[in-house]
2 protein chains.
Amino acid sequence: MSRPRVLNDDELLDRARDIFWRQGYAATSLRDLTAATGLSSAALYNRFGDKAGLFREVLRRYADTGLSAERLPRLAALPDPRAAITGFFEDLLALSEAANTPSGCLLINTVLDGGAEAPETRALVRERLGEVEVFLRTQIERSKAKGLLPARIDPPVAAEGLFGTVLALRVIARLDPDPVRLRRLIAAGLSPLGLSVPAATSP
Amino acid sequence: MSRPRVLNDDELLDRARDIFWRQGYAATSLRDLTAATGLSSAALYNRFGDKAGLFREVLRRYADTGLSAERLPRLAALPDPRAAITGFFEDLLALSEAANTPSGCLLINTVLDGGAEAPETRALVRERLGEVEVFLRTQIERSKAKGLLPARIDPPVAAEGLFGTVLALRVIARLDPDPVRLRRLIAAGLSPLGLSVPAATSP
DNA sequence: CTTTTAATATATCGATCGTTCTATTATTTA
DNA sequence: TAAATAATAGAACGATCGATATATTAAAAG
């Protein structure tokens, strides 16, 4: 019925994502985005309204592909909820050590960057990060119900602590991405629960 | 010998700091800065070289007045190292609940913002945040040496965990600055050490 | 074919960006 | 007073910003 798109939304958003991720929202210009996508600014505006609209779609897809749509449900389906928790942190470690991807978490960067100024964007970031916290709290409650955690554990406090470990992990991944530091941080976060993540496999 | 400055460096940097703190480095324009300081851009350039140079001085003063020069030495001088740790988190709570100041920590924001692109700035941020971690590790070691902490505590891991709590606290202060959340996070961070911070004083 | 539709490129908009040139101002020293 | 010095303001620089108006393109539908 009409001229076909030279680049589908998913591929386009992935390319835009890498630029936003590396540079932040404010520091990324429309010209950076046209260079990365190969599309004209007019084409981007026709499809996403404006820069903030494009960024919001980038965030939405980032959250969908990075966490919610795949990773969290898969982990939540594990029979042992403790494995869901440790598996989540193992995944984060693997992400931090992956060479081809920018460091840190785009959602968390956006909290401290000016990128979450717009209320819609702010709400999106809060909601998607909230999903992570809910996941962690749920797994802690499941574990506690099965008697798999020390009795002294208070689920809301422990969940807040684990979520804090996630945030800290993603900040340190940008500040000083030393795998030893990251593993030490995870060890500190998991140890109150009596959990741990396997040591790095020597190459 | 020459025309006097209409605004001393400290006052000037404090005003610039608030703009950078609220908006981030990239989103803050020279016009924002001239409006906040009352000085012309030429005067700012004469004194600080360029925007990045001004920002670096802002960061330096922020770190000096916010942490190092006063707070950390004062706490480190306390006879009970556990009080130094809990006092530090109490101070952070008070900062988060102060109404007149922007939320979060300028140094940590700068890690995730594009503001730490320049190597000099990056080094400054790392160094000043490193001081916090050293402070926490030192107090843990002092506590351990005095037998004031559980024997199972591994100081490097525990220090990383507490530093992570600081990072998380400052992210959440921007994401969802609910005092209950912040206190829950601190409780989670301190509990492995058998420490805690007093509950909020009812008004 | 022709029409319709949407995606795209080109060109450009005024605004604003960081920065700098030039001149003026206020103060100290001689 | 005059000379020297440094801080300042005003004006403007080219570059780039986000955004848009217009025209062209490529497909489907008739």
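Computed over heavy atoms, backbone and side chain alike; hydrogens, waters and symmetry mates excluded.
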K.L.:
With B:Glu120, which residues qualify under salt bridge (charged side-chain N to carboxylate O under 4.0 Å, His left out), at least two apart?
P.N.:
B:Arg56
K.L.:
Parallel, tilted or perpendicular, judged at 30° and 60°: which one describes the rings of A:Phe135 and A:Phe88?
P.N.:
tilted
K.L.:
Once you apply a heavy-atom cut-off of 4.0 Å, does B:Thr34 come out as touching a base, just sugar-phosphate, or nothing?
P.N.:
nothing
K.L.:
Which nucleotide sits closest to the side chain of B:Lys51: D:dA11, C:dG18, C:dT8?
P.N.:
C:dG18
K.L.:
For the pair B:Arg181 and A:Glu160, find out whether any cationic side-chain nitrogen is under 4.0 Å from an anionic carboxylate oxygen.
P.N.:
yes
K.L.:
Can you find a pair of side-chain heavy atoms, one from B:Leu112 and one from A:Leu175, that are under 4.5 Å apart?
P.N.:
no
K.L.:
Whole-Å distance between C:dC17 P and B:Arg31 CZ?
P.N.:
5 Å
K.L.:
How long is the line joining CZ of A:Arg5 and P of C:dA9, in whole Å?
P.N.:
13 Å
K.L.:
Quick one: label A:Gly49 by what it contacts on the DNA or RNA (base, sugar-phosphate, nothing), any heavy atom closer than 4.0 Å.
P.N.:
nothing
K.L.:
Rounding to a whole Å, what distance do you find between B:Arg47:CZ and C:dT20:C1'?
P.N.:
18 Å
K.L.:
Counting the atoms with a prime plus P, OP1 and OP2 as sugar-phosphate, which does A:Gly38 contact under 4.0 Å by heavy atoms, base, sugar-phosphate, or nothing?
P.N.:
sugar-phosphate
K.L.:
For a quick check, tell me whether the side chain of A:Ser41 and the base of D:dT20 share a donor-acceptor pair closer than 3.5 Å.
P.N.:
yes
K.L.:
For the pair made of CG in A:Leu7 and P in C:dA9, what is the distance, rounded to whole Å?
P.N.:
10 Å
K.L.:
Has B:Ser29 got a side-chain N or O lying under 4.0 Å from the OP1 or OP2 atom of C:dC17?
P.N.:
yes
K.L.:
To the nearest angstrom, how far is A:Asn46 atom CG from D:dA19 atom P?
P.N.:
14 Å
K.L.:
Looking at D:dG10, C:dT27, C:dT10, which one has an atom nearest to any side-chain atom of B:Pro4?
P.N.:
C:dT27
K.L.:
What's the CZ-P distance between B:Phe55 and C:dC17, to the nearest Å?
P.N.:
17 Å
K.L.:
Here's a test of your reading of the structure: between B:Leu39 and B:Ser2, which maps to the more 5' nucleotide of DNA chain D?
P.N.:
B:Ser2
K.L.:
Please compare B:Tyr45 and B:Arg3 by the position of their nearest nucleotide in DNA chain C and report the one closer to 5'.
P.N.:
B:Tyr45
K.L.:
Over how many whole Å does the gap from A:Phe48 atom CZ to C:dA7 atom P extend?
P.N.:
11 Å
K.L.:
Using atom CG of B:Leu33 as one end and atom C1' of C:dT16 as the other, report the distance to the nearest whole Å.
P.N.:
14 Å
K.L.:
Can you tell which of C:dT19, D:dA9, C:dT8 lies closest to the side chain of B:Leu30?
P.N.:
C:dT19
K.L.:
What pairs meet the side-chain hydrogen bond (donor to acceptor under 3.5 Å, both in side chains) rule with one or both residues in residues 78-96 of chain B, with sequence neighbours excluded?
P.N.:
B:Arg71-B:Asp91, B:Arg74-B:Asp91, B:Asp80-B:Arg82
